[in-house]
Amino acid sequence: MESAAVAVADLLDLDLRTVRISTSGSGSAEELARRARYAALERMIRPGELVATGHTSTDQAETVLGNLMWGSGLDGLRGIHRRRNSLVRPLLDVTRSETRELARLLGLPFVDDPANHDASFRRVRIRRVLGEWERSISSGISSRLVELARLAQTDLAFLDEVASGVKIERGDGTVRIPTGLLRTLPPSLAARVVRRALRAMAAGYPGSRGDVESVLEVAKGGSAALVTGGHPVSRAGAYVRIGTGTQGPPGPLRWDLDETLRWGTWTWTAHQGPGRPAVYPLSRWRQVFDIGSFSGRSVLIRGVGARDRIAMRDGHKRASDALSEARIPADERDGWPVLEVDGMVAWIPGVRRAYTGWVDDDTMGHVVASVAREETWKPVGY
């Protein structure tokens with residue numbers, strides 16, 4: 001196929017760039033290759049550019065039939081999208097045979113992918129079955145499957161608009177959906193929202209009916225489950241979470257208080273000054289400490305620990321309780337940072353500071369510590 005691409009580029013005097021992709025990982029080699037190809041194309045295009053693929057109406061009919069057999073619901077009946085983000089399919093109204101004929105008339109070289117004759121691939125078996133049905137059951141069944149995709153698109157456009165108000169968010173290897181909304185939406189809309197989340201996890205695959213039911217069952221309080229692709233589904237606070245984050249919290253970092261420190265998605269900044277500050281810009285994300293409480297001591301930024309406690313005026317409070325009281329989502333608490341001074345938690349940003357290190361009349365110098373967090377969850381669109 002590379003030789004055909006080279007020949008076409010030479011004939012039309014086009015620039016051609018060849019990229020080698022890796023298909024290592026779990027899952028079918030065909031699916032891994034598909035994802036790797038699209039990822040490579042996305043990395044190559046520049047702002048405002050589009051990627052055009054050669055999918056035809058024949059591919060559309062085969063996709064719709066395959067999705068129908070797979071149980072992927074209305075999303076699957078829509079088949080191949082004419083456009084999604086930077087991807088466009090300009091040949092969806094042209095059959096495969098018409099495309100080959102046009103290539104011959106224009107003198108464009110092409111080759112047949114050997115994999116198209118390998119019956120070990122499900123798509124090849126569907127192609128053969130559909131061809132047999134055309135000959136023995138109903139001539140024109142392919143065109144009717146394509147028309148079904150167009151009809152499904154009309155209904156889906158309406159459902160998309162209605163369901164777009166449900167906020168789905170993507171994190172690091174994870175997608176989450178508000179549990180309360182899934183439990184109160186009409187079943188058809190709830191399923192639509194779940195399929196949208198599954199598409200975000202699986203590069204456009206909308207999930208089977210069993211996948212959707214598994215997610216909805218977890219939302220109702222059922223036990224954790226697995227969906228296609230091996231993605232776990234579980235409850236995480238007020239959310240149903242699909243997938244697992246690929247990274248845990250960073251390890252401890254020493255902080256010298258005279259630098260901006262990046263810890264995961266958190267940025268720590270310190271400003272030192274003499275005596276007491278003229279103003280006290282206090283907030284949950286900014287605190288003023290007596291510099292003497294840090295001098296000569298080990299100062300670390302690290303993730304909260306299960307045994308951490310923070311000093312109160314009287315006694316101590318467990319850090320986990322403080323995080324809960326501050327309404328930090330349960331699935332975010334394990335990666336929450338703390339400021340540790342000589343083994344003691346001095347501050348949990350956004351939550352509580354320890355009853356220590358206060359500025360008073362004897363303060364010889366102070367430090368203003370600030371923390372800003374990069375948003376880790378991004379909205380998922382259609």
Margin query: Whether the E42 and S86 side chains hold a donor-acceptor pair (N or O, under 3.5 Å, no angle test) is what I'd like checked.
Written below: yes

Check: Hey, are R123 and N116 close enough side-chain-wise for a donor-acceptor pair under 3.5 Å?
Finding: yes

Margin query: Which residues end up grouped with Y355 if you chain together Ile, Leu, Val, Met, Phe, Trp and Tyr wherever their side-chain heavy atoms are less than 4.5 Å apart?
Written below: W358

Check: Transitively linked via ILVMFWY side-chain contacts under 4.5 Å: L323 with M344?
Finding: no

Checklist line | Hydrophobic cluster partners of Y38 (side-chain heavy atoms under 4.5 Å) | finding: L41, I45, V51, L87

Next item on the list: Quick one: list whatever passes side-chain contact (heavy atoms from CB on, under 4.5 Å) with A33, sequence neighbours left out.
Entry: T23, R37

Check: Are any side-chain N or O atoms of W347 and backbone N or O atoms of A369, one a donor and one an acceptor, separated by less than 3.5 Å?
Finding: no

Check: Has the side chain of R302 got a donor or acceptor atom that lies under 3.5 Å from a matching backbone atom of P252?
Finding: no

Margin query: Test side-chain hydrogen bond (donor to acceptor under 3.5 Å, both in side chains) on T56 and D59; report intermediate values, then the result.
Written below: CA-CA 5 Å; T56 66; D59 296 310; 3.2 Å; yes

Check: Looking at the rings of W255 and W268, which for Trp means the six-membered one, are their centres under 6.0 Å apart?
Finding: yes

Next item on the list: Return the orientation label for the W285 and W336 ring planes: parallel under 30°, perpendicular over 60°, tilted otherwise.
Entry: tilted

Notebook entry, point to check: Side-chain donor-acceptor pair under 3.5 Å between D211 and T228, yes or no?
Noted result: yes

Next item on the list: Find out whether D321 and R352 are in side-chain contact, i.e. whether some heavy atom of one side chain is under 4.5 Å from a heavy atom of the other.
Entry: no

Check: Below 4.5 Å, heavy atoms only, C-beta onward: do V19 and R17 meet side chain to side chain?
Finding: yes

Note to self: Applying side-chain hydrogen bond (donor to acceptor under 3.5 Å, both in side chains), can you list everything that pairs with S138, at least two apart in sequence or on another chain?
What the structure shows: R144

Check: Are R318 and E325 ion-paired here, with the side-chain N under 4.0 Å from a carboxylate O?
Finding: no

Note to self: Checking the side chain of R46 only, and the main-chain atoms of G48 only, is there a donor and an acceptor separated by less than 3.5 Å?
What the structure shows: no

Margin query: Taking D361 first and then R276, would you say they form a salt bridge - that is, a charged N and a carboxylate O separated by under 4.0 Å?
Written below: yes

Notebook entry, point to check: Charged N to carboxylate O under 4.0 angstrom, R82 versus D93?
Noted result: yes

Check: F110: what forms a side-chain contact (heavy atoms from CB on, under 4.5 Å) with it, not counting sequence neighbours?
Finding: R100, A103, R104

Check: Does R96 offer a backbone N or O that forms a donor-acceptor pair with the side chain of T58 under 3.5 Å?
Finding: yes

Note to self: Membership question, hydrophobic clusters at under 4.5 Å side-chain separation (ILVMFWY): are I141 and V129 in the same one?
What the structure shows: yes

Note to self: Salt bridge or not between R373 and E332? Use side-chain N to carboxylate O under 4.0 Å.
What the structure shows: yes

Notebook entry, point to check: With distance as the sole test, does R125 use its side chain to make a donor-acceptor pair with the main-chain N or O of A119 at under 3.5 Å?
Noted result: yes

Item checked: R127 side chain to R122 backbone, donor-acceptor under 3.5 Å -> no

Next item on the list: Taking atom types as modelled, find out whether T267 and E374 have a side-chain donor-acceptor pair closer than 3.5 angstrom.
Entry: no

Margin query: Within the 3.5 Å criterion, strictly below it, is a donor on D342 or S298 matched to an acceptor on the partner's side chain?
Written below: no

Margin query: Taking G275's backbone N and O only, do any of them form a donor-acceptor pair with H366's side chain (distance below 3.5 Å, no angle check)?
Written below: yes

Notebook entry, point to check: Can you find a side-chain donor-acceptor pair between T95 and E98 that sits under 3.5 Å?
Noted result: yes

Checklist line | Residues clustered with F121, ILVMFWY side-chain links under 4.5 angstrom | finding: V124

